[in-house]
Structure formats: structure tokens, C-alpha cells
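All remarks here apply to the structure that follows.
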Amino acid sequence: MTQWLWVCVCSSMTAANLLSLGLLLIICLSSTWSIGLWFCCEYSALSFQCLDYSSGALTGDLCEDLCVAQKLVYKHCLYYDRGKKVIQADWRGQPIILKSKKEIFSSYQHLSMLEEVEAQDIPETELLLMVALEVKNALGLELSNNTMGPLWTRKKGPRWKAQVASMWSLLQQEEYIYFSLLQDFSKHVLRIIGSCGHFYAVEYLTAGHAWHKTLFPLENVIGPSLTGHRNRVRAIIDIALSFLDMVQHFDNDFSHRLHLCDIKPENFAIRHDLTVVAIDVDMAFFEPKMRDILEQKCTGDEDCNFFDCFSKCNLKIRKCGAQRANNNLQVICDKIFRRWFSPNLRGPLVSLPLQLQLQKAVQECAQPGHMGATGHQRTLKSLSELYHLLRVTQQELQGAE
């Protein structure tokens, strides 16, 4: 078992961490806490985080609570794949989620200028330029200095070098950039609570699951005492309307359209006010980046599929078109709404003609559309029709009370 623990902890380490391994193993194997070896292995990333914090390598507004005051407490690992970690934790009595694309701080690309000059001597304008270049590289967006606020809030002072190094590790995580930039503009993304080094904390929401009867655990949202059939149907209608709001928001409210290329219940969650929230945006791309991804060599349309985003192959030049052939609404209708508005929704709460209208509208919406102006008009028609039918359904449910 000791050998297994050694392999587990070492799997994502670099040479810089090996000096700390002995201490961690001693803590794990001699601890009087009621933890097993698996817990110790899972906890290793946060243990190294605190060792790096104590050495002055990293910092963040949650480091003190995590490493000193112990007000941020590890609960369990929700997801781990190729270094990416999603951890459930308890922070001052509230559940939160800790996320990082890589497990160990030293796995991130180091900012070489921190070694070349004193951190205090780096002009803030130069740092803002580097942030803008990193955002452009990650998202394909050009940002001006006055829009950089959510990504650069550090002020010179104690631990300035650690602040810059920590910021640089966060900027290498596209999902963190998305959440940060959209914090003040969108209710459909996770709220960032804080960070410590390369780990950032977001609000805790329960993700959906394809195997769940209603796709999302409604008892967590509307309460177990309100999960009768009528309340479930009302909640589904409200959530469907929020999905439509999100589609319209991502299509129209930013400088570029935001494409979601991995649409499934597991990548969304529902707040208590029934707002849909995108909780995993690793496969979300603004229009400039989307066009770069799609425009690849091809021998047929199947070569132009990128998860839920696809274009058409131009056989004359053997290249995929840069314009996406489907859209967020079509995929949501196909993968989410079909499950909800199928014949099994039928019941006395909603009139049969209205149910059939909804099913037909969802089926038409789920069909891949045409490109260009024709496709755009078809999408707008589907969006308008679904809004109308869902609101009429709301009225019928209210009238039946």
C-alpha cells in the first residue's frame, strides 16, 4: 500500500516537489486523522499547495483559510483526469468547488521575467499587455486595458512575486478566464469566490446527469417537499425558458458569439431561482477561436465535426468551412429538450394540443439547420416559437391551480 501511495502522489510531480514528498508521506502514514490512503492521495494536491504557499511561491485570497486557519476544508474529489482536478470543499460552513487544469503549481509554464528582474520592478502596463496576449492566445479575443479588471486585481505589496506567479498560472486556464471575464455580464456562468495559487474556487451547484429522469436533480432546487408532478413540470418549463435566455444571451450580448461545443446535462447546473448555469466551459469558444478550430483539411463532412460544433467540407479545396453549420439552440433542443418534451410529458396538467405543438417545435428545432441567412432566420423562428409555447404552458399550469 505504501508503494501504491508513492506512485499516486508522484504521478503529477516535478523535481521541485520531491523535497516535500517525504514530509507528505510522514503526515499521511502517521496521521491520527481518520483518513485512508486514498484520501491522502487525493489530498496531496492541496498539501503541496500549502507547502508552496508557506515557501512564498504562490498566494491568493483563499490561501490563509486553506493553509493556516483551516476554514477551507477538503471534502472529496469530484473529478480527476490527466491532471485536471475538481474538488468539493467546505469554506466557512458553505460548500464550494475548487478547480484546476493541472494538479501541481510547478506544472504550469513559469513566467521567466520573474527571475530576470525584481517583481516590484515590472511595470503594470507590461503585465497588462502580457495578460491581454494570454487572453488572445486562449480565447482569440482582443481586450483593452480597461476591460482587464476581472483578470488583474493585484496590487503591489507583500508577496508581489507570488501574486504575479499565481495570476500567471490562472491565466493558463481558459475556463478561469471565461468565468472571470463574464462575472459581471452573465448570470449563466459560475461565480468565482477566490483562489489560492492555481486553484480557483467557484460556487457549489449540483450538475445534471443524463441518467436522471428529469436530467437535473430538481429536489435540490425546489426542495423535496415540492417535487410532485405539477411542481416538476413547472420547474422544467421555467428551466427550459432559462436555457432559451442563455442561448439568446450567448448569441447576442458579447462582442462575439459564444459557441458551446459540449452540450450535455453534466456541463450545466440549476440555481435555486431556476437559472441555468454553464459549469464546465472547457469546450466553449468565442467566434474567432471557433472559426480557427473548424477551418481544417477534410475529405468529407465527417472531418468537420468538432464535438457538438460542426461545419461543411468544401470538396473543391478540401477544407472545412469556418462558419459553424449548427448552433447552440439546435443542440440544446436535441440533447436536452427532446428528453423533456416527449410523449411521456403528457398528462392532465397541460392540454394535449399544446403538448403536441411543443413536441413538434422541439423536433423541428433539433434538426440541423441551413447555413447563412436562411439558417439564421430558421433559428430565430424556432427561438420565438419555443418562447411562446413555453409561456403559454406556464399560463395553463397557473390556471389549473
Side-chain angles (χ1 to χ4, degrees), residues 58 60 79 81-86 97-114 122 124-154 163-186 188-202 249-251 253-263 267 277-296 306-309 322 324 328:
L58 59 82
Y79 179 84
D81 182 42
R82 288 171 291 188
K84 180 179 179 179
K85 270 207 172 217
V86 181
I97 299 295
L98 292 171
K99 305 185 84 173
S100 178
K101 192 174 182 179
K102 297 178 181 179
E103 190 170 7
I104 303 298
F105 184 67
S106 58
S107 299
Y108 287 90
Q109 181 184 0
H110 187 62
L111 193 59
S112 57
M113 70 160 55
L114 288 179
I122 303 174
E124 188 157 336
T125 53
E126 189 170 344
L127 287 171
L128 286 172
L129 176 62
M130 294 175 63
V131 171
L133 290 173
E134 194 67 19
V135 171
K136 183 179 180 181
N137 179 59
L139 307 187
L141 295 180
E142 300 270 4
L143 294 184
S144 59
N145 284 0
N146 59 359
T147 61
M148 215 70 70
L151 292 172
W152 182 253
T153 58
R154 281 71 175 171
Q163 287 186 56
V164 175
S166 299
M167 174 209 71
W168 196 244
S169 70
L170 291 170
L171 289 175
Q172 292 172 58
Q173 304 180 62
E174 293 89 344
E175 193 171 60
Y176 172 80
I177 298 176
Y178 274 118
F179 290 151
S180 296
L181 289 177
L182 301 182
Q183 285 292 285
D184 298 330
F185 303 102
S186 179
H188 295 289
V189 297
L190 284 172
R191 290 191 293 266
I192 290 183
I193 295 168
S195 64
C196 178
H198 60 299
F199 273 97
Y200 59 97
V202 295
H249 175 55
F250 286 173
D251 279 357
D253 292 350
F254 306 127
S255 57
H256 296 283
R257 178 171 296 177
L258 182 60
H259 297 272
L260 304 178
C261 294
D262 190 12
I263 292 175
N267 287 343
V277 180
I279 61 173
D280 190 327
V281 293
D282 280 339
M283 299 293 287
F285 306 97
F286 284 108
E287 183 72 24
K289 189 83 169 185
M290 186 81 264
R291 296 178 73 88
D292 288 343
I293 291 171
L294 290 175
E295 204 170 20
Q296 304 295 327
F306 183 77
F307 296 88
D308 288 328
C309 299
R324 184 180 174 187
N328 293 339

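Each residue takes its place number in the sequence, starting with 1. From a predicted model like this one, the values you see are computed outputs, not experimental measurements.
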How far does OG of Ser166 sit from CG of Leu111, to the nearest 0.5 angstrom? 11.5 Å
Might you point out which heavy atoms bring Cys261 and Phe285 nearest each other, and give the distance in Å? SG-CD1, 3.9 Å
Residues which pass side-chain hydrogen bond (donor to acceptor under 3.5 Å, both in side chains) with Glu134, listed by chain and number, not counting sequence neighbours: none
Of all heavy-atom pairs between Leu171 and Ile177, which one has the smallest distance, and what is that distance? O-CD1, 3.3 Å
Closest contact, heavy atoms only, Ser100 versus Gln173: CA-OE1, 3.3 Å
Test side-chain contact (heavy atoms from CB on, under 4.5 Å), reference Val189, set Leu258, Leu182, Val202, Ile279, output is Leu182
With rounding to the nearest 0.5 angstrom, report the CG to OG distance, Leu170 to Ser180. 7.5 Å
Got a sec: does the OH of Tyr79 have more than 12 other heavy atoms crowding it under 6.0 Å? yes
Name all residues meeting the side-chain hydrogen bond (donor to acceptor under 3.5 Å, both in side chains) criterion together with Asp262; count only those two or more places apart in sequence or in a different chain, and write none if there are none. Asn267
All pairs passing salt bridge (charged side-chain N to carboxylate O under 4.0 Å, His left out) where residues 188-197 contributes a residue, at least two apart: Arg191-Glu203
Smallest separation among heavy atoms of Leu98 and Ala201, with atom names: CD2-CB, 3.7 Å
Output, in order, the C-alpha distance, side-chain angles, deciding distance and verdict of side chain to side chain contact (heavy atoms under 4.5 Å, CB included) for Met167 and Val131. CA-CA 9 Å; Met167 174 209 71; Val131 171; 3.9 Å; yes
Kindly say whether the aromatic ring centers of His259 and Phe250 come within a distance under 6.0 Å. no
Distance (rounded to the nearest 0.5 Å) between His110 NE2 and Trp168 CH2: 11.5 Å
Rounded to the nearest 0.5 Å, how far does CG of Leu58 lie from OG of Ser106? 10.0 Å
Straight-line distance of Leu139 CG to Tyr178 OH, nearest 0.5 Å: 5.0 Å
Note: Glu103-Lys85 ion pair, threshold 4.0 Å (strictly below): yes
Taking side chain to side chain contact (heavy atoms under 4.5 Å, CB included) as the test, write out the residues that go with Ser169, two or more places apart. Phe105, Tyr108, His198
Does the pair Val277 and Leu190 meet the rule for a side chain to side chain contact (heavy atoms under 4.5 Å, CB included), with working shown? CA-CA 6 Å; Val277 180; Leu190 284 172; 4.0 Å; yes
Treating Gln109 as the side-chain partner and Gln172 as the backbone partner, does any N or O pair qualify as donor plus acceptor under 3.5 Å? no
Considering non-hydrogen atoms only, spot the tightest contact between His249 and Asp253 and give its length. ND1-OD2, 2.8 Å
Contacts of type side chain to side chain contact (heavy atoms under 4.5 Å, CB included), residue Glu295, not counting sequence neighbours: Lys319, Ala322
If you measure from OG on Ser186 to CZ on Phe254, what distance do you get to the nearest 0.5 Å? 5.0 Å
So, for Ala284 and Leu260, which heavy atoms are closest and what is the spacing to 0.1 Å? CB-CD2, 3.9 Å
Quick one: list whatever passes side chain to side chain contact (heavy atoms under 4.5 Å, CB included) with Asp282, sequence neighbours left out. Lys84, Glu175, Asp280
Kindly say whether His256 contributes a backbone atom to a donor-acceptor pair with the side chain of Glu287 at under 3.5 angstrom? no
Kindly indicate, with the supporting measurements, whether the criterion side chain to side chain contact (heavy atoms under 4.5 Å, CB included) is fulfilled by Val281 and Phe179. CA-CA 9 Å; Val281 293; Phe179 290 151; 3.8 Å; yes
